[in-house]
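Here's the structure, in structure tokens; my notes come after.
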Amino acid sequence: LDSYARDVTEEDMRKLGYRREKNPFGDDETPRKEAFKLITNAMTCSACGSDFQCSNATRPGYLPSEKYETQVKLSKIEEMQRLQEKSESFEWSPED
């Protein structure tokens, strides 16, 4: 595998379906961008999937009140960003 990695040409990689990105450290402009989208939710723990709560320290997802309030604010920011993206993408419907 190491010798292949050293000797492979860009043409060989293209035949395998790989593409060189124009700006590898910038926005991903390849067709896979929409297929792989990071979905986040400020009110859900990214490690265990529990919804955050501040009422019961023995239940999963517990946060102290100060941290919970921060997560609520982050959730509102995320919602505004989603609405802004939606407004710019012409996907509005009468229900929105």
Side-chain angles (χ1 to χ4, degrees):
L1 188 59
D2 288 337
S3 63
Y4 178 78
R6 275 192 306 272
D7 300 333
V8 70
T9 66
E10 191 169 333
E11 182 61 32
D12 294 333
M13 294 299 287
R14 203 173 298 125
K15 287 177 186 175
L16 291 172
Y18 290 94
R19 296 182 185 157
R20 182 176 297 274
E21 294 185 19
K22 296 174 189 170
N23 183 4
F25 301 106
D27 194 23
D28 186 0
E29 66 277 343
T30 60
R32 67 175 181 237
K33 181 178 182 177
E34 294 303 318
F36 300 100
K37 197 169 210 174
L38 181 62
I39 299 173
T40 60
N41 181 351
M43 294 305 293
T44 303
C45 176
S46 60
C48 69
S50 296
D51 291 335
F52 290 129
Q53 49 91 15
C54 63
S55 58
N56 187 344
T58 61
R59 291 186 56 224
Y62 174 78
L63 291 176
S65 295
E66 308 81 41
K67 296 210 181 267
Y68 182 78
E69 290 172 14
T70 301
Q71 289 305 116
V72 169
K73 290 175 185 175
L74 287 172
S75 177
K76 290 178 182 177
I77 290 170
E78 283 181 350
E79 180 62 24
M80 291 299 114
Q81 289 173 337
R82 277 193 290 273
L83 288 172
Q84 183 177 5
E85 287 175 7
K86 192 172 184 179
S87 71
E88 294 169 353
S89 68
F90 305 109
E91 292 181 12
W92 284 97
S93 67
E95 291 81 33
D96 295 327

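Only a predicted model underlies this, so the values are computations on that prediction, with no experimental measurement involved.
Taking each heavy atom of Cys48 and Cys45 in turn, the nearest pair found is N-SG, 3.5 Å. When all heavy atoms of Ser50 and Pro60 are compared, the pair lying nearest together is OG-CB, 3.3 Å.
A search for salt bridge (Lys or Arg N to Asp or Glu O under 4.0 Å) contacts involving Glu66 returns nothing, not counting sequence neighbours. Glu78 is linked by a salt bridge (Lys or Arg N to Asp or Glu O under 4.0 Å) to nothing, counting only residues two or more places apart in sequence or in another chain. Applying the side-chain contact (heavy atoms from CB on, under 4.5 Å) criterion to Ser3, with sequence neighbours excluded, gives Arg6, Asp7.
Within the 3.5 Å criterion, the main-chain N or O of Ala42 finds a donor-acceptor partner in the side chain of Gln71.
There is a path of hydrophobic side-chain contacts, each under 4.5 Å, that joins Phe52 to Val72. No continuous path of hydrophobic side-chain contacts links Ile77 to Met43 [ILVMFWY only; heavy atoms under 4.5 Å].
Expressed to the nearest 0.5 Å, how far OG of Ser75 lies from CE of Met80 amounts to 9.5 Å. For the atom pair CG of Leu74 and NZ of Lys67, the computed distance is 11.5 Å after rounding to the nearest 0.5 Å.
Note on Glu79 versus Arg82: salt bridge recorded, some NZ/NE/NH1/NH2 to OD/OE distance being below 4.0 Å. Of the charged side-chain nitrogens involved, at least one lies within less than 4.0 Å of a carboxylate oxygen, so that Glu10 and Arg14 count as a salt-bridged pair.
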